[in-house]
Amino acid sequence: MRQRLVYIAGAGHSGSTLLEMFVSGAPAHVGLGEVFQLVDWRNPIIDNLDGHRCSCGEPVAQCPYWSPVIAALRDIPRDDEAVRYRAIGDGFRQHFGDDAVMLDSSKTAEGLGAAVASEAFDIRVLHLARDVRSWLVSQQKSYVRNGVATWSANRRRDGFVKGTAKFVARMPLVDARRWQSANSAVERIVAETALPSLPVSYERLCFDTDAVRREIESFLGTEIASYGDGAARADNHSIFGNRMRFEPEKLREIRYDNGWMRDNTWLLPWTMLPSLRRQNARLQRRGSER
């Protein structure tokens, strides 16, 4: 029997942790965070988990779920992503039982492809799309928070050539293309694999929560508890997601950050890329047509 898996897909900084916390309010649905970070052969994180904490409150290496899973992963070749995903699924079933449902908020189409290739999962996809204008502002805020928002900061950190290249890669116009590519890749792999998929608009999740809840409940065939009911997601073992996992005030109610409306970061790519405007309108509309 394949392990049931709900994969939250989309571009980074689209609210995937919020959606995971929301859906984990359903009975037996357990949020694990960005699972692909432990599967991706390029990511050395498995060898350096010091300082990482599970949402259960324990260090990841001491978490009752993740500790044996991580031990198993260390014996699997780093480039065998399918087997690594399968090991995580096996560990999940052993810990939570046959009826539990994994929630993976890895987002990337590549992670979704690896989960499919493992042949270990019965997968349903929640394709989360955030309005690109809000998304672009969120990206720039993350660069400021991480100290890489300016050319000089990038040069100091990585030298003239590499630092300049990284600064250019973080410009809003380039970010906009990244948003387009990430969402297109998700749609492409869903179409190629014929996976059941539900579009979810981040804005609708925030402003029309009850309607989105009903759509997700119908898609997953289960009821979802109120977002403010912390006990409903007490079994979560979420790692490598938004820091809101550890901020109780953000787990009591859904709030929308409308700061992007006072920030013109999005204006240049919005003006210069008609395809961006069309794709944004289609994804937002698609999330409200059900």
Side-chain angles (χ1 to χ4, degrees), residues 1-11 14-35 55 89 92-93 95-107 109 111-112 115-116 120-131 183 186-187 189-191 193-238 241-242 244-245 248 250-256 282-290:
M1 182 179 69
R2 292 186 176 186
Q3 171 62 51
R4 287 188 293 168
L5 169 66
V6 176
Y7 190 97
I8 298 174
S14 291
S16 59
T17 300
L18 170 64
L19 183 57
E20 180 188 301
M21 297 298 105
F22 182 80
V23 177
S24 63
H29 284 60
V30 181
L32 296 185
E34 298 174 3
V35 172
S55 63
F92 182 88
R93 183 180 293 107
H95 188 87
F96 294 103
D98 292 340
D99 295 331
V101 181
M102 278 178 59
L103 298 180
D104 180 354
S105 57
S106 294
K107 298 180 289 293
L112 179 57
V116 171
F121 301 104
D122 176 8
I123 304 173
R124 288 180 173 266
V125 179
L126 296 176
H127 183 183
L128 179 65
R130 182 176 183 176
D131 189 294
N183 282 296
V186 169
E187 291 183 304
I189 194 169
V190 164
T193 56
L195 290 173
S197 178
L198 178 74
V200 179
S201 161
Y202 172 75
E203 278 68 26
R204 286 190 68 235
L205 176 62
C206 294
F207 291 123
D208 199 4
T209 307
D210 287 341
V212 173
R213 176 187 286 110
R214 290 192 295 271
E215 292 166 7
I216 296 176
E217 287 176 338
S218 176
F219 180 65
L220 298 180
T222 188
E223 294 184 353
I224 298 174
S226 167
Y227 182 74
D229 183 359
R233 52 176 177 267
D235 287 340
N236 281 3
H237 288 275
S238 182
N242 188 287
M244 68 173 290
R245 294 171 296 139
K250 292 187 178 180
L251 298 175
R252 282 193 288 268
E253 62 178 325
I254 295 176
R255 297 179 179 178
Y256 184 70
R282 180 175 59 77
L283 289 175
Q284 293 302 308
R285 184 172 61 249
R286 192 189 63 170
S288 61
E289 289 179 341
R290 299 186 66 84

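Residue-environment remark: CD (E223) stays at or below the threshold of 12 foreign heavy atoms within 6.0 Å.
Annotation: side-chain hydrogen bond (donor to acceptor under 3.5 Å, both in side chains) contacts of S14 (sequence neighbours excluded): none. Take R124 and apply the side-chain contact (heavy atoms from CB on, under 4.5 Å) test, not counting sequence neighbours, and it matches P196, F219, L220. Every residue was checked against the ring-ring contact (aromatic ring centres under 6.0 Å, His included) condition with Y7, not counting sequence neighbours, and none meets it. Annotation: side-chain contact (heavy atoms from CB on, under 4.5 Å) contacts of A115 (sequence neighbours excluded): L5, Y85, F121, I123. A100 is linked by a side-chain contact (heavy atoms from CB on, under 4.5 Å) to F92, F96, counting only residues two or more places apart in sequence or in another chain.
Heavy atoms only, all atoms of each residue included: R4 and D99 are closest at NH2-O, 2.7 Å. H127 approaches G10 most closely through the heavy-atom pair CD2-CA, 4.1 Å.
With a 4.5 Å cut-off on side-chain heavy atoms, E187 and R282 count as touching. Using a 4.5 Å heavy-atom cutoff, the side chains of L205 and R213 are not in contact. E203 has its side chain within reach of Q284: a pair of non-hydrogen atoms, C-beta onward, lies under 4.5 Å apart. Put simply, the side chain of D98 reaches to within 4.5 Å of the side chain of R93, judged on heavy atoms. Two residues are said to be in side-chain contact when any heavy atoms from C-beta on lie closer than 4.5 Å; V190 and L112 meet this criterion.
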Using distance only, find each side-chain donor-acceptor pair of residues 18-35 under 3.5 Å and give its atom names and separation, not counting sequence neighbours.
unit_1 : atom_1 : unit_2 : atom_2 : d
E20    : OE1    : G33    : N      : 3.1
E20    : OE1    : S105   : OG     : 2.7
E20    : OE2    : G33    : N      : 3.3
E20    : OE2    : S238   : OG     : 3.1
S24    : OG     : E20    : O      : 3.1
S24    : OG     : M21    : O      : 3.0
S24    : OG     : N236   : ND2    : 3.0
H29    : ND1    : P27    : O      : 2.9
E34    : OE1    : Q37    : NE2    : 2.8
E34    : OE2    : K107   : NZ     : 2.7

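Taking CD from E215 and CD1 from I224, the interatomic distance works out to 10.5 Å, rounded to the nearest 0.5 Å. Note that OH of Y202 is 8.5 Å distant from CD1 of I254, once rounded to the nearest 0.5 Å. Distance check: S201 OG to D131 CG gives 8.0 Å after rounding to the nearest 0.5 Å.
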One pair to check against side-chain contact (heavy atoms from CB on, under 4.5 Å): L195 and V116. What are the steps and the verdict?
CA-CA 9 Å; L195 290 173; V116 171; 3.9 Å; yes
Could you go through the side-chain contact (heavy atoms from CB on, under 4.5 Å) check for T209 and Y227 one step at a time?
CA-CA 10 Å; T209 307; Y227 182 74; 5.9 Å; no
